[in-house]
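Here the structure comes first, spelled out in structure tokens, and everything after it is commentary.
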Amino acid sequence: MDKIVSLCRRRGFVFPSSEIYGGLGSTYDYGHYGVLMKNHIRSRWLRAMVQERDDIVAIDSAVSDPLIDCRTCKLRFRADRLEDAQCGRKPSKRPGEFSECDLTEPRQFNLMFQTQVGAMEDASSTAYLRPETAQGIFINFKNVSQLARRKPPFGIAQIGKSFRNEITPGNFLFRVREFEQMEMEFFVPPDEAEKWYRYWIEQRFNWFVNLGVRESMLRVREHDEDERSHYSTATSDIEYLYPIGWQELEGIANRGDFDLTQHTRASGTKLEFVGQDGERFTPHVIEPAVSIERIFVAMLCDAYDEEVVGERERTVLRLHPLIAPVKAAVLPLIPRDEGITSRARELFEELRKRHTVEYDDSGQIGRRYRRQDEIGTPWAFTADEQTLEDETVTVRDRDSLAQERLPIADVASWLDAALERPWRSPKA
Ligand code: GAP
């Protein structure tokens, strides 16, 4: 993990937040390559979840969660001040002491960051930064299912920041207090829940494998009954063998009808599916939930490699080309040669219209290659003296180090095709 952290910092993927003020514990900012890589992860997830499917729509809900702590009287209390509070139904009693009280889990409450909404600072303006994006999906269930005219099975996907006042954050980005979740709630007829639960475990596992994460570093682990959250009837984690051991990368939970039932009870709005023919039921929910941070760390760990090439050591990130922050580098072999640089520059201008590419003309060619290896750039196109004679460039492969010549006119389509090819890690 130390090597990953140091590479991330050296090459501007990620650095500690507020560093000039001494840093804010376990909070990180993303630099250029980190942002690019996160964007690729996000867009691949959205592509698999929304773009390539007919049965999932997207949503983007607010980050503050109004938390209702008593499901009966709908009053909110601070979990650590219950002894000073009055029950909404029976003011002579404390919350939780009256027979009709139905308090939500205090653990979740303590984990949440409290804030005030609006100018007045009183109890009614208290809000909490959401600890998961899921609730924003459940409370919009009625809107979305009606507007999108969907019948279960269908899903709602959301990407956004979540906040947890983690007691023991650490291990770089693995456990942080502010992270970006990608969650999808898949609403299904109750008798199909088990089938969809298995389906989503397999889909999500394959998503990682198809993005180059080695299968030998992934496993599915089903939770024991005493490990499961109160809302879940079954949960499996897709675990990755991080440097700190097997740890949860993504969770897939069968949440049953818990959330829609709870929100129906608390809000008074019926959250159920009603069909044209009068058919009605409360859907069950299958939820794949992951954070970009956990994927980011897993993919970097999986890609990191060191090797000796021609007596020189190189550090290389063997990232799937679709995840690599930069897709290709364009390098003029002799930066002083105007003919070569202008051909390289033209190629660069053409490629940058379609992909994130870099132009680099500083330093020896070997050093320029190594700089690209270190950030995981899969291909480098080099213009040299021969380019001026026959309008070809070399393409160098990050993993095999093989070089071949290509007509400049074919480079853009060659790169498009190369990005579409299946890729598997050459690491054992
Ligand atoms: N809606 C269900 C839910 O939030 P969770 O297992 O608490 O379930 C889901 O979180 C995923 O969010 C985890 O599998 C992990 O990928 C990510 N995650 C949770 N807490 C995190 C943290 N403190 N830092 C980074 N990622 C986190």
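As a basis for the values below, the full set of heavy atoms in this structure was taken, side chains included, without hydrogen atoms, waters or symmetry mates. Numbering of ligands and ligand atoms starts at 1, following listing order.
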Geometric class of the Trp379/Trp414 ring pair [parallel <30°, tilted 30-60°, perpendicular >60°]: perpendicular
Close N or O approach (Phe179, ligand 1; < 3.5 Å): no
Whether Phe348 and Tyr359 hold their rings parallel, tilted or perpendicular, with breakpoints at 30° and 60°: tilted
Heavy-atom pair of closest approach, residues Ile252 and Tyr197: O-CE1, 3.4 Å
Proximal candidate to atom 24 (N) of ligand 1 [heavy atom criterion; set Val176, Thr235, Ile238]: Val176
Ring-face cation of Arg214 near Trp423 (centre distance under 6.0 Å, axis angle within 45°): no
Protein contact to atom 25 (C) of ligand 1 [nearest heavy atom, distance to 0.1 Å]: Phe174 O, 3.2 Å
Heteroatom distance test (Leu173, ligand 1): nitrogen or oxygen, under 3.5 angstrom: no
Glu183 N/O under 3.5 Å from ligand 1 N/O: yes
Proximity to ligand 1 by part of Glu250, non-hydrogen separation under 4.0 Å: backbone
Centroid-centroid under 6.0 Å between Phe174 and Tyr242 rings: yes
Taking atom 16 (O) of ligand 1 as the reference point, the nearest protein heavy atom with its distance: Leu249 O, 2.8 Å
Protein heavy-atom partner closest to atom 6 (O) of ligand 1 - residue, atom, separation in Å: Glu248 OE2, 3.2 Å
Short N or O distance, Glu293 and ligand 1, threshold 3.5 Å exclusive: no
Aromatic ring pairing Phe141/Phe154, orientation class (parallel under 30°, perpendicular over 60°, tilted between): parallel
Donor-acceptor under 3.5 Å (Ser18 side chain, Tyr21 main chain): no
Taking atom 26 (N) of ligand 1 as the reference point, the nearest protein heavy atom with its distance: Ser291 OG, 2.9 Å
Selected option - heavy-atom contact closest to atom 4 (O) of ligand 1, from Gln135, Glu185, Glu178, Arg164: Arg164
